[in-house]
Undergrad: 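One structure coming up, written as structure tokens, with questions to follow.
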Amino acid sequence: MRNAVYEGFFITHFAFFLFICVHFAYGDVSYSIAEEMKRGSVIGNIAKDLGLGINTLSFRKARIDTDGNDKKYCDINMSTGDLIVTDRIDRDTLCGKKAACVLKEELVLENPLELKRITIQVKDINDNTPEFSENLILFEISESAVKGAKFLLTEARDGDIGTNAVQRYDLQNNEHFTINVNTEASGRKQSELVLVKELDREREEELKLVFTAVDGGSPQKSGTAIIHVTVLDANDNAPVFSQEIYKSSLPENSPLGFLVNIVSATDADSGSNGEITFNFDHMSDDHVSLFSLDHKTGEIRVAGLIDYETYTSIELRIRAKDGPGLTSYCTVIIDITDVNDNPPTVTLKSLSNPIPEHVSPDTEVGIINVQDRDSGNNRQVRCSIQQGVPFKLVPSIKNYYSLVTTEQLDRELVSDYNITITATDEGSPSLSSSKTVQLSVADINDNPPVFEEQSYSAYVTENNKPGSTLCSVTARDPDWRQNGTVIYSLLPGEVNGAPVSSYLSVNGDTGVIHAVRSFDYEQFRSFKVQVMARDNGSPPLSSNVTVSVFIADVNDNSPQILYPTTEGSSFMTELVPKAAQGGSLVSKVIAVDADSGQNAWLSYHIVKSTDPGLFSIGLHSGEIKTQRDISESDSMKQNLIVAVKDNGQPSLSATCSMYLLISDNLAEVPELKDIFHDEKNSKLTYYLIIALVSVSTFFLTFIIIILGVRFCRRRKPRLLFDGAVAIPSAYLPPNYADVDGTGTLRSTYNYDAYLTTGSRTSDFKFVSSYNDNTLPADQTLKKSPSDFADAFCLPDEFPESQ
Ligand SMILES: *[C@@H]1O[C@H](CO)[C@@H](O)[C@H](O)[C@H]1NC(C)=O
Ligand SMILES: *[C@@H]1O[C@H](CO)[C@@H](O)[C@H](O)[C@H]1NC(C)=O
Ligand SMILES: *[C@@H]1O[C@H](CO)[C@@H](O)[C@H](O)[C@H]1NC(C)=O
């Protein structure tokens, strides 16, 4: 009963006993101690409290028994009777969160056996700090979390109870979070993190906050943990290009794969939210194939042919897109720079072809256009024309040139031109191209036919057949077709009063000249005709040439003896004085030959005579001279037969008889008297006298003319051949040759001199048979065509220098 009272008292008054409180009660004893007392600490004197003497304790073998407990927290000091602590008494282990913690021990006394209860109340002290289960509290919070969001925090544990347990939580000061503590009915304090300001991963990827739990003990204890908040990304950022506009320049014809530019963009988001891919945006079809874009790196490379002439600048739109699809755009401007890759082109805009050859210099014949598709200097084009053509390029309006003649053209010299026009640009290296223009020159009838020779000579021997070819003339006309077609014709004229056409004809096409009739040297020896060569142009051009026709002599005339006349049966008698000395001139045979030259070169021979030794005849003079003095014994009548031969081939001859009477008086010859008195004879004599007189008169006149001519020739000594007729040298005896200034052998012969005086009374003796200039020469005379030609030249055609 007393025990129950004591217990009730203890429960009622527990709050008033804080420390050791010894309640003396018979049989039972109770103590109150703080936990965690040192071993050996005295809880109380149990002997005294139970009223037992020290000796009694040992006598009665007092001992402490644990009430069903293995652990022995206290024992009795037998010498003092104190109850002492023998083991650690941790209230928090023994009783946990129970508000009252009582250790129940029993004191056992023997002799008699007695059991005393000992109750030890263990009081809490603040011996535990608040503790978090983890030092690091990890949170992953999306940056898109809204204000007010709550995140539960773990509790801090504190072994103590009551005020010694966790009283509050503290959070390190920060702008994003606060802490909110709820005290549950059980007294547990539940804390949570409250978002007061939105997170921004792009600003702060993580937060570290110190979280402190504080108990209410004295001294106060606290425990901390780090709250580590990882801000999770939300795709709240679009990619951002480093530049809004990228500019770069790119030479045209850049190789494939050439790096043009790199675009770059950043996305503040992380992970796939920040993974950027690049793409072209709305590219025109033309540009699509030109460039490639690396979706990851943003490298823009050349993928096609970049041609400045097509695009000088290309603008690309590039889109950057992150994983979830936020996009942004940039512009890439690529300025393409020109490369001299286009040669100039030369275009012929117009051409007058053919051009007439008579166009004046500086005539425009064509227009040329030059283009270069490049730009700048690469577009500057110089145009040139090859050397050596009579054309030049004259710059006209922009890019146009006129092709202009520089001089008079002549189709007969150059009829075709290949004009090469070369255009070169000023790029580096420069490009050029050329064009060949073919130009022909059209003919104009600007060339008259020209005879190959200045004059023509034709040689024909007389008695030719009609229709025989005399010579041919040729004229050339370099003009084209009918402008150069030559037609020959004879110009009208007269020869000896007859039209030339009755003598000659010319073949209009070939220029061959034919004789129309037979010519007679004795009638005329030469004549000139004019031949015209005319082309077929319109109007026609012509030129004239002189054709001299020389007729060569043929020995077709036999010598004609003029004296003594052989006419009729009568004969002429010369009187030879008896006293005639040897060598005196007795008479003279006079003969002429209508031919000329050798054909007229007469020689006289006595073919038969009464007394062959008495008379001789001059071979060329025809003079009959006595060879010796006349003697009495000589027959009075002397008869000579004289033959006169020309030098032609074959030679022709004539003979005559000469009667000589050696007497001093005609009367001495009676037969002759008869003759003279004979009427018939006297009539004959009369005719003979007339003939003699007329021949003498003719010769006198002739001699005067010769003298006059010779006189003139002396005054003009170089005109050697005035009044002389040249004879082919081959017809002359070898002794008579003229070596003139040039060494050409030429023989001249004055045929007139062969005519001898007909009268023995005449004092004129023509011994000047040969030209003064004739020289004896022993050279062999050659007959060459030139000699022949020279010999036929007319006197006034003998230039002094020949
Ligand atoms: C011009 O060129 C043509 C064709 O190439 C050629 O037949 C002709 O002979 C040339 N003419 C000249 C004058 O070079
Ligand atoms: C001949 O010349 C004339 C001008 O004199 C010219 O008109 C004509 O075309 C030329 N004929 C030929 C065939 O060239
Ligand atoms: C040639 O002679 C003819 C006739 O005398 C004349 O009409 C013409 O002009 C002459 N031609 C030349 C080139 O002298």
Side-chain angles (χ1 to χ4, degrees), residues 14-19 32 34-36 88-102 121-234 236:
F14 172 74
F16 302 104
F17 299 97
L18 285 173
F19 290 101
S32 178
E35 59 176 330
E36 305 285 355
R88 178 180 168 220
I89 303 166
D90 180 13
R91 192 211 70 86
D92 310 304
T93 328
L94 291 173
C95 305
K97 289 292 172 190
K98 277 191 271 183
C101 187
V102 176
Q121 286 219 321
V122 182
K123 299 192 187 291
D124 187 46
I125 62 165
N126 193 22
D127 61 342
N128 288 292
T129 47
E131 232 174 74
F132 291 97
S133 53
E134 297 147 319
N135 286 333
L136 196 60
I137 306 163
L138 295 174
F139 277 107
E140 288 190 338
I141 301 171
S142 166
E143 57 178 328
S144 58
V146 294
K147 221 194 279 190
K150 293 175 178 161
F151 307 91
L152 208 58
L153 286 166
T154 52
E155 239 184 311
R157 284 189 61 248
D158 191 325
D160 300 322
I161 55 165
T163 55
N164 287 343
V166 173
Q167 293 303 305
R168 66 167 209 274
Y169 290 98
D170 288 328
L171 187 64
Q172 183 192 341
N173 235 358
N174 72 94
E175 52 178 336
H176 292 287
F177 293 99
T178 57
I179 204 153
N180 187 17
V181 183
N182 303 312
T183 308
E184 291 177 8
S186 64
R188 292 174 59 147
K189 290 189 163 53
Q190 193 65 57
S191 61
E192 52 193 11
L193 214 47
V194 180
L195 188 65
V196 293
K197 187 187 171 204
E198 283 90 347
L199 294 168
D200 185 1
R201 193 198 64 82
E202 288 70 40
R203 252 186 63 208
E204 230 173 342
E205 275 189 26
E206 53 178 23
L207 290 102
K208 280 182 181 163
L209 305 171
V210 181
F211 184 44
T212 313
V214 186
D215 63 15
S218 174
Q220 214 170 33
K221 293 197 172 180
S222 64
T224 57
I226 302 295
I227 299 174
H228 185 272
V229 178
T230 305
V231 182
L232 292 184
D233 186 49
D236 54 348

Undergrad: Quick one, Ile226 and Val210 - any side-chain contact, counting heavy atoms below 4.5 Å?
TA: yes
Undergrad: State whether the side chain of Asn126 and the backbone N or O of Pro219 hold a donor-acceptor pair below 3.5 Å, judged by distance alone.
TA: yes
Undergrad: For residues 193-213, pull every pair meeting ring-ring contact (aromatic ring centres under 6.0 Å, His included), keeping only residues two or more places apart or in separate chains.
TA: Phe132-Phe211, Tyr169-Phe211
Undergrad: Working to the nearest 0.5 Å, report the span between CG of Leu193 and CD1 of Ile179.
TA: 6.0 Å
Undergrad: Are side-chain heavy atoms of Asn128 and Asp215 found at a separation under 4.5 Å?
TA: no
Undergrad: Please evaluate residues Gln167 and Val214 with respect to the criterion side-chain contact (heavy atoms from CB on, under 4.5 Å), reporting the C-alpha separation (whole Å), side-chain torsions for both, the decisive distance (0.1 Å), and the verdict.
TA: CA-CA 6 Å; Gln167 293 303 305; Val214 186; 5.9 Å; no
Undergrad: Over all heavy atoms of both residues, which pair between Ala213 and Val166 is shortest? Give the atoms and the distance, please.
TA: CB-CG1, 4.2 Å
Undergrad: Kindly give the heavy-atom pair with the smallest separation between Leu152 and Ser191, and that separation in Å.
TA: CD1-O, 3.8 Å
Undergrad: Less than 4.5 Å apart, any side-chain heavy atom of Ile227 and any of Gln172?
TA: no
Undergrad: Apply salt bridge (charged side-chain N to carboxylate O under 4.0 Å, His left out) to the pair Glu36 and Arg88, showing each step before the final yes or no.
TA: CA-CA 6 Å; Glu36 305 285 355; Arg88 178 180 168 220; 2.5 Å; yes
Undergrad: Do you know the tightest heavy-atom contact between Glu35 and Asp90?
TA: OE1-OD1, 3.1 Å
Undergrad: Rounded to the nearest 0.5 Å, what separates atom NZ in Lys150 from atom OG1 in Thr178?
TA: 9.5 Å
Undergrad: Are any side-chain N or O atoms of Gln190 and backbone N or O atoms of Leu153, one a donor and one an acceptor, separated by less than 3.5 Å?
TA: yes
Undergrad: In the structure I gave you, are the side-chain heavy atoms of His176 and Leu209 within less than 4.5 Å of one another anywhere?
TA: no
Undergrad: Can you name the side-chain hydrogen bond (donor to acceptor under 3.5 Å, both in side chains) partners of Glu131, sequence neighbours left out?
TA: none
Undergrad: Would you say His228's side chain and Leu207's backbone share a donor-acceptor pair under 3.5 angstrom?
TA: no
Undergrad: In Å and rounded to the nearest 0.5 Å, what is the CG to CG distance from Asn164 to Asp158?
TA: 7.5 Å
Undergrad: Between Lys123 and Ser32, what is the shortest heavy-atom contact and its length?
TA: CE-OG, 2.5 Å
Undergrad: Is there a side-chain contact (heavy atoms from CB on, under 4.5 Å) between Val194 and Phe177 once you walk through the steps?
TA: CA-CA 5 Å; Val194 180; Phe177 293 99; over 6 Å; no
Undergrad: If I compare all heavy atoms of Ala234 with all of Glu143, which pair ends up nearest, and what's the gap?
TA: N-OE2, 2.6 Å
Undergrad: With a 4.5 Å limit on heavy-atom distance, are the side chains of Lys189 and Glu155 in contact?
TA: no
Undergrad: Under the criterion side chain to side chain contact (heavy atoms under 4.5 Å, CB included), which of Thr212, Asp170, Thr129, Asn135 is the partner of Thr224?
TA: Thr212
Undergrad: Does a sphere of radius 6.0 Å around CG in Asn182 hold more than 12 heavy atoms from other residues, nucleotides or ligands, not counting ones at 6.0 Å or beyond?
TA: yes
Undergrad: Check whether any side-chain heavy atom of Ile137 sits under 4.5 Å from a side-chain heavy atom of Phe151, and report yes or no.
TA: no
Undergrad: Return the NZ to CG distance between Lys221 and Asp160, rounded to the nearest 0.5 Å.
TA: 7.5 Å
Undergrad: Any pair with a residue in residues 200-213 that passes salt bridge (Lys or Arg N to Asp or Glu O under 4.0 Å), sequence neighbours left out, goes on the list, sorted by first then second residue, please.
TA: Glu175-Arg203, Arg201-Glu205, Arg201-Asp233
Undergrad: Looking only at heavy atoms, which two atoms of Ser142 and Leu199 are closest? And how far apart?
TA: O-CD1, 4.3 Å
